[in-house]
Amino acid sequence: TLKFYGGRLGAAVPLVFFVVWAISISVAGAPSEHGLILGMVGGLTIGMVLCRSRWADYANEIFTGMANPVATVTIVAWFWAGMFAQVLRVGGLVDGLVWLGGQSGATGGVFVGATFLLAATFGTAVGTGYGTAVAFCTLMYPAGLILGADPVWLFAAILSGAAFGDNLAPVSDTTVVSATTQETDIPGVVRSRVKYALIAAVPALILFVLLGGDGMAADHARAAELLSNTARPDGLILLVPFALVIYLALSGYHILVSLSWGIATAVLAELVLGLAPPEAILFFDPATDTVGGALVDGIAGYLGLSILILLIVAAGHLMRLGGALEAMIDALKRFARESVSRAEAAMWGIVFSLNAFITINTAAEIAAGPVISRLGKRFKLHPYRRANMLDAVTSAIGYIFPWGGGVLIGYQTIRTLESQYDFVQAVAPTDVWSYVLHGWFLAAVMLIAALTGFGRTYEAEDGSESKTPT
């Protein structure tokens, strides 16, 4: 154990400082992974000053916390998932989906609904909600405006598709974190959360179709010309490696095995069919001593988050040693008493609150993970249930609030289009947040599930799911 000035609450200072720092830089409009890392380093430093035990012991426990398997498993899975996502991107999967949307002949609200479906498909394939927001804002947003889609509803449909993919993709960073922090397998988690995602997606799709068509008059010729410059059907073949990864993952294969087969299949298809030049996948440049390409970019894209998760997990370890985590769990137990519904409502509130203010949803999920795990185990909730309560709310809220990372990156992407197209005008984050229907519906579904017990399962003695507590 470690002793802190301020008692057990003193052990929570590093993580509390990080949360306050994250909220501050988010409100200031300057969120970044590097800034979040600095906040966590600052929190750990302040914690050292408050530590009454030997500072050398405190420092050594930081490294012990970083060695937690939860962090290492998450980071390695991220690297494989990142490579897979980048390989599909350079091969033109999003171009193929955009082409499919253009060929559908949809206009107005139907186009908005189709955009939601295609964005959800792409997000589920590549596991990156932020990447989905960038790709579809770049390609589908201008075309949708020409085809009579309301700009606010169209932007909201893209963000909703990103949230759907972030929640359901086996290779999503939030999926990986939710499974590893709850000490369970990714395929089982994905299978168990499909019902929640679909319950939220169906009414969202219907409303997008019914309400999304109040834009300008459709100009089919101009839209076809615009799409012809960006969209091509060849990339649709990459739905095959995407389907292969889903099949293998849901069949019980380890996520690294599933992703390795997906990467190999996608690379082979791109090289044989000429979907991407070899240097787009991997290249060596002796002149500049660099190695690049989709495989390298996929790993590099998660380096910042990898450092951040190591530091956050270390802060959680210090909270446990100092008794702060136990104090938090005790307070939640008193609130829940013997009611599992109250306990799940408390879980929902914790995850919602952290994600409402921390811009990068993965960071909020990592911070909430240990609390959800300990409280859920107190009531014998199955790891799948705990992981779903953690991930669904995280994925939903990350694309709703105006300061959320997904909303801001989509907004900035549309801003860059204003100089390219005279008919594009950016939708402010404060205007779109209430229209991100899938996000709101998914958060509501999980709150209702917590209060009513819908989908609730408990962990049996052999680790299997049970409808009744053991």
Side-chain angles (χ1 to χ4, degrees), residues 26 31-33 74 77-78 81-82 84-86 88-89 93-94 97 115-141 154-179 186 189-190 193 196-197 200-201 204 242 246 298 301-302 304-305 308 351-352 354-356 358-366 388 390-414 429 432-433 435-443 446:
S26 299
S32 70
E33 292 174 3
T74 301
W78 276 349
F84 183 60
Q86 290 297 323
L88 293 184
R89 182 188 63 81
L93 176 57
V94 68
L97 292 174
T115 299
F116 169 60
L117 289 177
L118 294 173
T121 301
F122 181 75
T124 305
V126 302
T128 166
Y130 289 3
T132 300
V134 171
F136 277 77
C137 284
T138 301
L139 301 176
M140 292 292 272
Y141 187 82
L154 182 57
F155 187 22
I158 293 171
L159 294 175
S160 291
F164 182 96
D166 214 0
N167 172 230
L168 203 57
V171 299
S172 165
D173 51 358
T174 58
T175 298
V176 172
V177 170
S178 67
I186 293 173
V189 164
V190 173
R193 72 178 42 153
Y196 307 116
F242 158 56
I246 297 293
Y302 283 106
L305 275 178
L308 183 61
V351 180
F352 186 98
L354 284 174
N355 279 278
I358 297 180
T359 297
I360 298 179
N361 55 6
T362 311
E365 188 175 62
I366 296 168
N388 291 334
L390 177 61
D391 185 78
V393 180
T394 292
S395 299
I397 302 306
Y399 299 90
I400 290 178
F401 290 111
W403 53 85
V407 179
L408 292 176
I409 198 169
Y411 170 69
Q412 293 297 334
T413 301
I414 297 174
V432 74
W433 71 280
Y435 294 83
V436 187
L437 298 183
H438 180 70
W440 286 113
F441 289 168
L442 184 57
M446 298 313 297

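Since we're looking at a predicted model, the values are computed, not measured.
Residues Gly406 and Ala133 approach most closely at O-CB, 4.2 Å, considering heavy atoms. The two residues Asn388 and Met446 come nearest to each other via the heavy atoms O-CE, 3.8 Å. Nearest heavy-atom pair across Val189 and Ala179 is CG2-CB, 4.1 Å. Residues Phe352 and Phe401 come closest through the heavy atom pair CZ-CZ, 3.9 Å. Of all heavy-atom pairs between Ile397 and Ala443, the closest is CD1-CB, 4.3 Å. Considering every non-hydrogen atom in both Ile158 and Ala119, the closest pair reads O-CB, 4.2 Å.
Atoms OG and CZ, on Ser160 and Phe155 in that order, are 10.5 Å from each other to the nearest 0.5 Å. Atoms OG1 and CD1, on Thr394 and Ile366 in that order, are 10.0 Å from each other to the nearest 0.5 Å. Distance check: Leu437 CG to Tyr435 OH gives 10.0 Å after rounding to the nearest 0.5 Å. A distance of 8.0 Å separates CG of Leu154 from SG of Cys137, quoted to the nearest 0.5 Å. One finds the CD1 atom of Ile246 at 7.0 Å from the OG1 atom of Thr124 (value rounded to the nearest 0.5 Å).
Proximity of Thr115 to Leu118: side-chain heavy atoms (C-beta onward) are nowhere separated by under 4.5 Å. Looking only at side-chain heavy atoms (C-beta outward), Thr175 and Val190 come within less than 4.5 Å of each other.
Ring orientation note: the planes of Phe116 and Phe164 are nearly perpendicular, at an angle over 60° on the 30°/60° scale.
For the pair Asn355 (side chain) and Val351 (backbone), a donor-acceptor distance under 3.5 Å is present. At distances below 3.5 Å, not a single donor-acceptor pair connects side-chain atoms of Trp433 with backbone N or O atoms of Val407. With hydrogens and angles ignored, the 3.5 Å screen pairs no side-chain donor or acceptor of Ser178 with any backbone N or O of Leu390.
Note on residues 390-413: pairs passing salt bridge (charged side-chain N to carboxylate O under 4.0 Å, His left out), not counting sequence neighbours, are Arg193-Asp391.
Other residues, nucleotides and ligands place more than 12 heavy atoms under 6.0 Å from the OH atom of Tyr141.
Looking at Asp166 and Tyr399, their side chains do bring a donor and an acceptor atom within 3.5 Å of each other.
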